[in-house]
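From a predicted model like this one, the values you see are computed outputs, not experimental measurements. Just so you know, ligand 1 is whichever comes first in the structure, and atom 1 is the first atom listed for that ligand.
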Amino acid sequence: MNKVLNRMDLQSESNAIDQKVQDLLARMTLAEKIGQMNQQDATGDTVSADMAEAIRAGRLGSVINLSNAAVGNELQKIAVEESRLGIPLVAARDVIHGFKTIQPIPLGQAATWNPDLVQEGARVAALEARKNGIHWTFAPMIDISRDARWGRIAESFGEDPFLTTQMGVAMVMGFQGDDLSDNGSIAACAKHFAGYGASETGRDYNTTNIPENELRNVYLPPFKAAADAGVATFMASFSDIDGIPASANEFLFQQVLRGEWRYEGMTISDWDSIRQLSDHGLTDGDRDAAHQALIAGLDMEMAGDAYLNHIEGLIDEGLVSEHRIDQMVGNILRLKFQLGLFENPYTDPDDFEEYGNPAAMAVARQMADESLVLLKNDNAALPLDKQKLSDIAIIGPMADEPYEQLGTWIFDGDPDLSITPKSAIEALVGNSARLHYSRALECTRNCGWEDIDSAVLTAEKADVALLFLGEESILSGEAHSRANINLPGRQEELIQKVKATGTPIVAVIQAGRPLTLTNILDDCDAVLYAWHPGSMGGPAIADTLFGVRPPTGRLPVSFPRAVGQLPLYYNHKNTGRPATDDTVIAIDDIPIGSTQTSLGMTAFHLDAGYRPLFPFGFGLSYTEFEYANLTLDRPELTDGQTLTVTVDITNTGKRDGTEIAQLYVRDHVGSITRPIKELKGFQSVDVRAGETKTASFELKSEQLAFYRRNKSFGTEPGKFSVWVGPNADEGIELQFQLI
Ligand code: GLC
């Protein structure tokens, strides 16, 4: 009964808001309506006279990059008390992985495989952002990312639609809470709609060509889930999709978003992306660009003035109706009503906890803990036993970098809140071992002084060398793509020189993307991948290195052996000549004078094979797990039924541990070719040393549905495989029939 009442309450509240929207629209001039569609940059600690006048005159409906609540309240006061209708501003900001307290970059958050924690992190970020006068964040970024050269892979949840969907929805729920008008809720934004992650060569802003079945089966599902979860807004991508940039893409915004998905939220361009339609060569000037963006249905223009300057003329020429503008402005006003801005337009920072409060830091800490992925651990080099170590070398440009460990996309992150790995290790073992520190390189690139010799001397007197390497924050993120994704600068040389001392090496890598580690892997006894772990990266890394907690992170993205393998992803098609270990020919094995042949050859690179260096879902623990007794509760499934899958997981090691069991399926024959595997479920299982736990999964038949050759969505009968295992490359398989 409560659910029904709740739904009735929500419906009646929605009707009430719609009535308020219509009443307000009826009182607005066309100029005031157009003003609501205009968002401008409010960076800075003072209110400019031009911005104040624009707000007073009703020519501005939203600001981006508000720097603090005081400026926000000053702007809001002009809007509410000095403009003709007193319509409040909505203030937006990129709150991507925290506000002042910074959590791991989203790629690191995905590595936790813990949606509940990601939701909690978004909640913490929302509270800190709201304290600062922010009502709306431009997150989650749910672009499927298969190319580690792309700088924005850092901001994504990786290569898989299912994992990205789980994380994206969790972030939406965390930001928006149960009610957008709550003081700690902010509107979320599903971005970038759509297919931005397919930017050719990983070069940011580059062209994307995505066939419709790939768009619908890979890139759109996380956006559909965000829409179904009630995400308040959508943002258009910068990218050209099959010749029509997203900001003018009627298929995406009208046919799919508004038509098929019945989405009723608000849409916004990306930064000046409407006027960039002319740079794309789709339009000839701002008037044409505004016209095409209106046809596509972008309600608000971010940081451009094409709408402000041309909508009235487009209406006068009969190219756009005022009714259409009313619909778009209605979406904007509805968001403001939902946020409660008419009733509570101002922010009192004292209504909120302090930035970096213990609760916020605890979430950042747990997220950093669970984001760490152990990639290599030869001879149980880890965990380190502080009782047996008298001299520890801490070496490298990323050991003590409060800002760099925060990662990309932090406008407001406070480095003073950071605890670095060096500080954390000093706190943890400083009283039981002698610590020797050498930065060795001023930064991770060739950008300043280098003192590799001191690092070598430091390593020589130590029992273990902890090397803190990777990418500074600026080497990933928007507009920061790399064609070579090795460790930058002289870091590989640093590893080789330390290796030559004979001291065991534990490499801790902080980066905004998967790096090609092929050149250094053999020189390291252990490799811990920390992404950019945020404010609490130091304690998380220290506790993992010294065994206070075991590593539990798993890769949300495949790691390539060589950059030439990209784009690389586990859920690829089989091709007509699938590579297998026994069909691969290594370049050095080809006899001199060999003549051209292709018979028996398959889909691999002569100099890299076909496998990733580390597969999607991979991560080591401080113990070992074995999978056995995979069972299905039925050999056949019909539409509407659920398959129950169980598996036994045994901890065969000496330490308690947590395994993230993953369920994958394969549709062996389809009206279009289907991926060789698709993640359809995962769960975290705590198993004590020597114990066995049974994990159970529910696989619903609708999870096997896809966009078929005729573009309809549904299942197709036939043979399926199901695996449960520790990553995309390993697991036990059974088959079943969908009939
Ligand atoms: C940027 C990004 C987008 C961001 C917006 C506002 O160019 O593409 O993700 O939200 O501008 O900063």
> Side chain, backbone, both or neither: which part of R152 comes within less than 4.0 Å of ligand 1 when only heavy atoms are counted?
Replying inline: side chain
> For atom 8 (O) of ligand 1, which candidate among N65, D143, D270 holds the nearest heavy atom?
Replying inline: D270
> Going by the atom numbers of ligand 1, which of them fall below 4.0 Å from some non-hydrogen atom of H192?
Replying inline: 3 (C), 8 (O), 9 (O)
> Near Q327 CD, under 6.0 Å, is it more than 12 heavy atoms from other residues, nucleotides or ligands?
Replying inline: yes
>> Any atom of ligand 1 sitting under 4.0 Å from a heavy atom of M141?
In response: no
>> List ligand 1 atoms under 4.0 Å from F238, heavy atoms only on the residue side.
In response: 7 (O), 8 (O)
> Tell me: protein heavy atom nearest atom 2 (C) of ligand 1, and distance?
Replying inline: E478 OE1, 3.2 Å
>> Please tell me whether F162 and W113 form a close aromatic pair, meaning their ring centres lie under 6.0 Å apart.
In response: no
> Considering only the protein, which heavy-atom contact is closest to atom 12 (O) of ligand 1, and what is its distance?
Replying inline: D94 OD2, 2.5 Å
> How about F616 and Y569: are their ring centres within less than 6.0 Å of each other?
Replying inline: no
> Near K191, which atoms of ligand 1 are under 4.0 Å from a heavy atom of that residue?
Replying inline: 3 (C), 4 (C), 9 (O), 10 (O)
> Any side-chain heavy atom of R152 within less than 4.5 Å of one from D204?
Replying inline: yes
>> Looking at S473 and E404, would you say the former's side chain and the latter's main chain have a donor-acceptor pair under 3.5 Å?
In response: no
>> Only heavy atoms of W271, strictly under 4.0 Å: list the atoms of ligand 1 that pass.
In response: 7 (O), 11 (O)
> Is the F99 ring parallel, tilted or perpendicular to the Y355 ring (thresholds 30°, 60°)?
Replying inline: tilted
>> Treating T164 as the side-chain partner and P161 as the backbone partner, does any N or O pair qualify as donor plus acceptor under 3.5 Å?
In response: no
